[in-house]
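In this text the structure is predicted, and so the values were computed from the model without any measurement.
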Amino acid sequence: MKSENVARSVLLAGVGAVLAATALLYLPGPGPQGPPRPPGPAERAAIAAHAGTQAALPDLAALIGDREKWLRAHPEDAVSWAVLGTAYAERGTRLADARDFPRAERALRRSLEERPAARGNLDAQLGLGVLAAALGDWRAAKEWGERVRKAEPKRWTVHPLLIEAYSGLGDYAAARKALEDYEKLHTGAAVRARAAQVYRDRGWREDAGAAALDAVALAGSAAEKAAALSRVGDLAWERGEAAEALEQHGAALRLVRDHGPSLAGRARSLAALGRSQEAGAAWEAALARLPLPEYLLEAGELDESLGRGAEARARFERLRTGRWVRAEAVLGLLEADHGDPAAAVTRLRAEWARGHRSVQVADALGWALYRSGEPEEALEFAKRATDEGLRSALFSYHRGEIERALGLDGPARRHLEEALRIHPSFSPLRAPKAREALAALGEPSEELPAELRGGAERRAGTGRQAGAPDGAPGSVREAAASGA
């Protein structure tokens with residue numbers, strides 16, 4: 001689960017740049033006399049939105065309050081309704097508070113009532129797209145984003161939305177193209193952050209790390225720099241560098257002490273370093289600040305690995321009964337490993353049928369199928385998850401176990417070793433199981449596979465393979481020696 005949780009954290013760290021990026025934000029002018037006064041909290045949030053960056057949460061709250069007050073006196077202001085709706089969506093995402101999403105939709109629909117889409121209200125349409133992305137409705141997000149892009153091809157704020165939507169649908173080629181368009185239209189920390197996400201999904205770890213460091217260097221505010229540092233930490237953790245990840249998340253928390261993704265990243269890193277008691281306390285702090293479903297699953301699995309069964313069951317039950325968005329893969333893995341695998345298959349097949357075919361959904365569906373006793377079909381989904389590009393220790397572990405169940409010992413050994421090579425401590429539950437599985441497989445046999453052994457024996461008896469021309473190597477050893 002760990003690598004996929006980091007994936008979500010990477011997205012969450014930059015999601016404010018997408019959700020807040022509406023055009024024509026209201027900004028009060030200078031004071032009546034003298035030079036312009038310093039921007040207040042609402043204005044700072046508006047400036048961040050114009051730049052496509054993440055505002056501090058207190059500034060975002062101030063912007064919401066400012067627009068609510070303004071709209072009580074000016075209910076015909078379509079732009080402010082769009083700003084308010086988009087700000088609600090961002091706050092709901094960053095605080096994991098689903099109550100903000102209906103508010104966001106009401107405000108955005110009101111914006112379209114005041115100024116319909118046919119009259120060019122692109123702000124509200126973009127806002128509805130980013131709300132759909134926040135809810136995990138990737139098809140709707142794609143449709144809204146493509147509609148805005150068609151109407152105004154040079155509107156750079158639509159491209160982060162399209163990157164997320166295409167990635168959620170599993171169309172990584174389209175996501176890469178959207179990044180290229182984004183880079184042509186805009187520059188700065190937000191662009192480099194998105195590049196890090198896309199490069200990571202392609203498996204380009206060095207490029208992803210370099211882009212993430214660029215985002216840190218270009219960040220203009222504490223909130224933006226904290227998000228960028230958290231992303232660097234997440235990427236380090238995925239490479240198996242838990243100590244480096246801990247350092248980067250710590251640096252982010254020194255800037256924004258309650259930065260949710262960094263609190264989670266710190267907990268994850270402590271667990272990987274074997275500092276389990278500290279990790280447990282860190283997870284409590286992370287969940288108090290940002291109770292995301294993937295964090296609950298990770299914290300519960302740490303509890304289970306430490307023999308704290310009651311605590312783990314309480315977290316899993318909270319996960320089952322909560323109101324979540326963008327959580328189908330997480331909930332599927334929960335049921336596959338800690339509940340009803342058949343129910344997990346049903347849930348994840350429905351997600352796949354909706355067109356949500358990311359590598360995360362493919363991996364979760366493959367694992368659920370394996371856990372419900374269908375390893376042959378499971379392998380097809382596991383291959384899709386591992387072959388796309390993203391290097392994930394969890395994906396490799398899942399594929400290795402599925403192959404082991406099918407008697408494919410060579411591929412199973414290769415993928416289990418790969419999981420531990422990518423990250424030796426990728427999960428407090430599954431990393432030990434990967435080692436146990438490798439031990440059970442034992443060392444690879446020096447004998448040829450059965451499908452090749454018969455031919456080799458015939459060649460050894462006849463001097464050369466039947467039908468081979470004179471001068472052809474007469475054995476496998478001769479073929480190797482000849483360079484064939």
Side-chain angles (χ1 to χ4, degrees), residues 1-7 170 201 203 205 237-240 272 297-298 301 304-305 329-330 332-339 341-342 344-345 348-349 352 357-456 476 480:
M1 191 61 224
K2 298 292 188 175
S3 181
E4 285 52 72
N5 298 339
V6 174
D201 289 345
R205 288 188 158 186
W237 191 91
E238 287 188 341
R239 296 192 302 269
L297 183 56
E298 286 189 71
E301 291 188 341
E304 186 172 314
S305 74
V330 175
L333 289 173
L334 169 70
E335 290 303 324
D337 283 322
H338 309 285
V345 170
L348 291 163
R349 283 196 193 279
W352 193 261
R357 300 184 176 185
S358 67
V359 289
Q360 287 77 21
V361 176
D363 168 72
L365 179 52
W367 186 244
L369 285 163
Y370 160 74
R371 294 282 291 173
S372 63
E374 302 178 58
E376 293 86 358
E377 186 180 3
L379 184 57
E380 296 306 310
F381 288 99
K383 287 179 177 179
R384 181 157 182 160
T386 53
D387 291 349
E388 180 63 42
L390 175 65
R391 295 193 66 200
S392 163
L394 183 70
F395 291 5
S396 293
Y397 166 72
H398 283 166
R399 180 168 174 176
E401 287 285 38
I402 293 167
E403 289 167 333
R404 189 163 73 105
L406 292 169
L408 303 172
D409 289 359
R413 185 180 294 105
R414 182 169 66 253
H415 287 110
L416 291 167
E417 288 174 345
E418 181 179 61
L420 294 169
R421 186 167 56 252
I422 292 171
H423 196 321
S425 303
F426 68 93
S427 163
L429 283 180
R430 288 166 193 80
K433 290 182 179 179
R435 293 186 179 89
E436 291 171 6
L438 276 172
L441 285 168
E443 294 299 320
S445 172
E446 295 183 0
E447 294 184 3
L448 286 171
E451 61 268 22
L452 298 179
R453 193 158 53 242
V476 173

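- One distance of note links CG of Asp337 with CG of Leu297; it measures 8.0 Å at 0.5 Å rounding.
- Taken to the nearest 0.5 Å, the CZ atom of Arg414 stands 12.5 Å off from the CG atom of Leu438.
- Panel note: side chain Arg435, backbone Pro424; a donor-acceptor pair is recorded below 3.5 Å.
- What you find for Val359 and Arg384 is that their closest heavy atoms are CG1-O, 4.2 Å.
- Between His415 and Glu403, the shortest heavy-atom distance links the atoms ND1-OE1, 2.8 Å.
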Show, in sequence, the C-alpha distance, side-chain angles and deciding distance for Leu441 and Glu417, and conclude whether the side chain to side chain contact (heavy atoms under 4.5 Å, CB included) test is met.
CA-CA 11 Å; Leu441 285 168; Glu417 288 174 345; over 6 Å; no
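- Looking at Arg371, its side chain does come within 3.5 Å of a backbone N or O of Ala336 through a donor-acceptor pair.
- Atom OG of Ser392 and atom CD of Glu238 lie 7.5 Å apart (nearest 0.5 Å).
- Heavy atoms only, all atoms of each residue included: Leu365 and Val345 are closest at CD1-O, 4.1 Å.
- In this structure, the separation between NE2 on His398 and CZ on Phe381 is 15.0 Å, given to the nearest 0.5 Å.
- Arg399 places a side-chain heavy atom less than 4.5 Å from the side chain of Asp387.
- Contact between Ser396 and Ile422 at its shortest, heavy atoms only, is OG-CD1, 4.0 Å.
- The side-chain heavy atoms of His423 and Trp237, taken from C-beta on, include a pair separated by under 4.5 Å.
- Rounded to the nearest 0.5 Å, atoms CG (Leu333) and CG (Leu348) are 7.0 Å apart.
- Under a 4.0 Å N-O distance rule, the pair Lys433/Glu436 does not qualify as a salt bridge.
- Taking CD of Gln360 as the start and CD of Glu388 as the end, the distance is 10.5 Å to the nearest 0.5 Å.
- For Tyr397, the ring-ring contact (aromatic ring centres under 6.0 Å, His included) partners are Trp367, Phe426, not counting sequence neighbours.
- Leu369 and Ser372 get closest at one heavy-atom pair: O-OG, 3.0 Å.
- Across Leu416 and Gly400, no two heavy atoms sit closer than the pair CG-CA, 4.1 Å.
- Taking Arg413 as the reference, nothing meets the salt bridge (Lys or Arg N to Asp or Glu O under 4.0 Å) condition, with sequence neighbours excluded.
- Glu377 pairs by the salt bridge (Lys or Arg N to Asp or Glu O under 4.0 Å) definition with Arg349, not counting sequence neighbours.
- Ion pairing between a basic and an acidic side chain is recognised when a charged N comes within 4.0 Å of a carboxylate O; Glu301 and Arg430 show such pairing.
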